[in-house]
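Inspection log for the structure reproduced underneath, given as structure tokens.
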Amino acid sequence: MLDDNAVWLITGCSKGLGLSIARQALEAGYRVVATARDAGSLAGLSERYGDRVLTARLDVTDPGQIQSAVALAHEWLGRIDVLVNNAGAGYFGAIEEGEDAGVRAVFETNLFGPLNLAKAVLPGMRAKRCGHIVNISSIGGFVTYPAVGYYHMTKFALEAMSESLAKEVAPLGVHSMVVEPGAFLTDFRGLAPEKQPATRIADYADTAGKARDAIFEAHGKQQGDPDRAGRAIIDALRSPSPPLRLLLGGDALDQARARLKELSQLMDEWEATTRGTSFQ
């Protein structure tokens, strides 16, 4: 259960879901270390919430900045009770179209950044035998679509990390939770050059090509409310038994249930072959 005086460290707070989580945590009375690559973008939080928020520059792909942000939080209030790994990046294109620099960049942001942050806060959490690590994944960490393969890879890996971590740290009083939002009204689907490879292969026009275009065309039409998502995360952490996985949005729930049904049918169909591989 979340302590009433918990100190939060949240990444990617300049806009979108990260900003909403920070605001909702502050509205709930917690103290927050809000971070972003551009610390100046966080001025609004400081103006509104005063000394209950500390803003800091943090590029999650920079190990030195990770250590500095964690040290700053400890200097400020002596601890970090909740880490929210929210900062993330999209990359949309067919698997064959992926370019090395773009692929590595999305892995650094979506996987290695959260991993390094978790490792940075865990010593303090282990020492006091309490704490929460919240990794913002996506329903795309459980289901897949064309044109989203590289993003899916990072989120599947983040979910594996979250689940393994949960089993390792639970006996130490530390909780790991992975959050799987559906489509929320943020700029994640906004068109930007770094979100897609320059290479376009004509053979994928009807699969990855159409899917990529649909992602960008849906920008601004998402039904998920980021503020409600922030409150839902707080409610989950406040519960006596926070979930390992928290789905956010009816669209996420529907996609997850369809995927579970598909997997169950596949296992049933191939059960004889699966079981037939053992020594007789």
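Within the 4.5 Å cutoff, the side chain of Ile233 has heavy atoms near those of the Ile136 side chain. Contact check for Arg200 versus Arg212: side-chain heavy atoms found under the 4.5 Å cut-off. Put simply, the side chain of Asn5 reaches to within 4.5 Å of the side chain of Arg79, judged on heavy atoms. Proximity of Ile21 to Trp8: side-chain heavy atoms (C-beta onward) are separated by under 4.5 Å at one or more points. Contact check for Met177 versus Leu237: side-chain heavy atoms found under the 4.5 Å cut-off. With a 4.5 Å cut-off on side-chain heavy atoms, Tyr91 and Glu99 count as touching. Tyr49 has its side chain out of reach of Thr55: every pair of non-hydrogen atoms, C-beta onward, lies at least 4.5 Å apart. Annotation: side chain of Leu2 is in contact with side chain of Val82 (closest heavy-atom distance under 4.5 Å).
For CZ of Arg52, the number of neighbouring non-hydrogen atoms (other residues, nucleotides, ligands) closer than 6.0 Å is greater than 12. In the displayed structure, Asp268 atom CG is contacted under 6.0 Å by more than 12 heavy atoms of other residues, nucleotides or ligands.
For the residue pair Glu97 and Tyr204, no side-chain donor N or O sits within less than 3.5 Å of a side-chain acceptor on the partner. No side-chain N or O of Thr11 forms a donor-acceptor pair with one of Asn86 less than 3.5 Å apart.
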For this session: Before giving the answer on side chain to side chain contact (heavy atoms under 4.5 Å, CB included), spell out for Ile215 and Val148 the whole-Å C-alpha distance, their side-chain angles and the decisive distance to 0.1 Å.
Result: CA-CA 9 Å; Ile215 289 168; Val148 197; 3.7 Å; yes
Exercise. What's the verdict on side chain to side chain contact (heavy atoms under 4.5 Å, CB included) for Leu58 and Leu117, showing C-alpha distance, side-chain angles and the deciding distance?
Worked result: CA-CA 11 Å; Leu58 175 56; Leu117 272 153; 4.3 Å; yes
For this session: Show the numbers, then the answer: is there a side chain to side chain contact (heavy atoms under 4.5 Å, CB included) between Asp251 and Gln223?
Result: CA-CA 9 Å; Asp251 57 336; Gln223 293 300 304; over 6 Å; no
Problem set entry | side chain to side chain contact (heavy atoms under 4.5 Å, CB included) between Phe107 and Met153, worked out | CA-CA 8 Å; Phe107 269 83; Met153 289 182 213; 3.6 Å; yes
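No continuous path of ILVMFWY side-chain contacts below 4.5 Å connects Val178 to Leu253, so the two sit in separate hydrophobic clusters. No path of Ile, Leu, Val, Met, Phe, Trp and Tyr side chains, each step under 4.5 Å between heavy atoms, connects Val103 with Phe156, placing them in separate hydrophobic clusters. When hydrophobic clusters are built by joining Ile, Leu, Val, Met, Phe, Trp and Tyr residues whose side-chain heavy atoms come closer than 4.5 Å, directly or via intermediates, Ile80 is grouped together with Ile66. Taking hydrophobic clusters as Ile, Leu, Val, Met, Phe, Trp and Tyr residues chained together by side-chain heavy-atom distances below 4.5 Å, Val32 shares a cluster with Ile234. Val70 and Leu77 fall within the same hydrophobic cluster, defined by Ile, Leu, Val, Met, Phe, Trp and Tyr side-chain heavy atoms under 4.5 Å apart, directly or through other members.
Of the possible donor and acceptor atoms, one in the side chain of Thr109 sits under 3.5 Å from a partner among the backbone N and O of Ala105. No donor-acceptor pair under 3.5 Å is formed between the side chain of Glu108 and the backbone N or O of Arg104. Between the Gln65 side chain and the Asp59 main chain, a donor and an acceptor come within less than 3.5 Å of each other. In terms of modelled atom types and a separation under 3.5 Å, the side chain of Thr154 and the main chain of Leu111 share no donor-acceptor contact. With hydrogens and angles disregarded, a donor-acceptor distance shorter than 3.5 Å links the side chain of Tyr150 to the backbone of Ile95. Distance alone, capped at 3.5 Å, is enough to place a donor-acceptor pair between the Asn110 side chain and the Ala89 backbone.
In this structure, Ala22 and Cys13 approach most closely via the heavy-atom pair CB-SG, 4.1 Å. Residues Leu45 and Ala34 approach most closely at CD1-CB, 3.8 Å, considering heavy atoms. The minimum heavy-atom distance linking Ala232 with Leu246 is given by the pair O-CD2, 4.1 Å. Pairing each heavy atom of Tyr151 with each of Ser138, the nearest pair is OH-CB, 3.4 Å. Nearest heavy atoms, Ala94 versus Ala208: CB-CB, 3.6 Å. The two residues Leu42 and Ala36 have their closest heavy-atom pair at CD1-N, 3.9 Å.
Considering Val179, Ile133, Ile10 in turn, Ile10 is the only one that fulfils the side chain to side chain contact (heavy atoms under 4.5 Å, CB included) rule with Val84. Among the candidates Lys128, Met125, His132, the single residue satisfying the side chain to side chain contact (heavy atoms under 4.5 Å, CB included) test with Asp81 is Lys128.
Between atom CZ of residue Arg238 and atom CG of residue Asp3 there is a gap of 11.0 Å, rounded to the nearest 0.5 Å. A distance of 9.5 Å separates OG1 in Thr199 from CD in Glu96, rounded to the nearest 0.5 Å. Summarising the geometry, atom NE2 belonging to His74 is positioned 9.0 Å from atom CG belonging to Leu9; distances are rounded to the nearest 0.5 Å. Here the straight-line distance linking atom CG of Leu115 with atom NZ of Lys119 works out to 5.5 Å at 0.5 Å rounding. We find the CG-CE distance between Asn85 and Met161 to be 6.5 Å, quoted to the nearest 0.5 Å. Interatomic distance, Arg57 CZ to Leu72 CG, rounded to the nearest 0.5 Å: 13.5 Å.
Taking Arg259 as the reference, Glu262 meet the side-chain hydrogen bond (donor to acceptor under 3.5 Å, both in side chains) condition, with sequence neighbours excluded. The side-chain hydrogen bond (donor to acceptor under 3.5 Å, both in side chains) test applied to Arg126 returns no partner, not counting sequence neighbours.
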Donor-acceptor pairs under 3.5 Å, side chain of residues 163-175 to any protein atom, not counting sequence neighbours: which ones?
unit_1: Glu163; atom_1: OE2; unit_2: Arg245; atom_2: NE; d: 3.0
unit_1: Glu163; atom_1: OE2; unit_2: Arg245; atom_2: NH2; d: 2.6
unit_1: Ser164; atom_1: OG; unit_2: Ala160; atom_2: O; d: 3.3
unit_1: His175; atom_1: NE2; unit_2: Pro242; atom_2: O; d: 3.3
unit_1: His175; atom_1: NE2; unit_2: Pro243; atom_2: O; d: 3.4

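Ionic pairing of Glu27 and Arg23 is not present here: no N-O contact between side-chain nitrogen and carboxylate oxygen is shorter than 4.0 angstrom.
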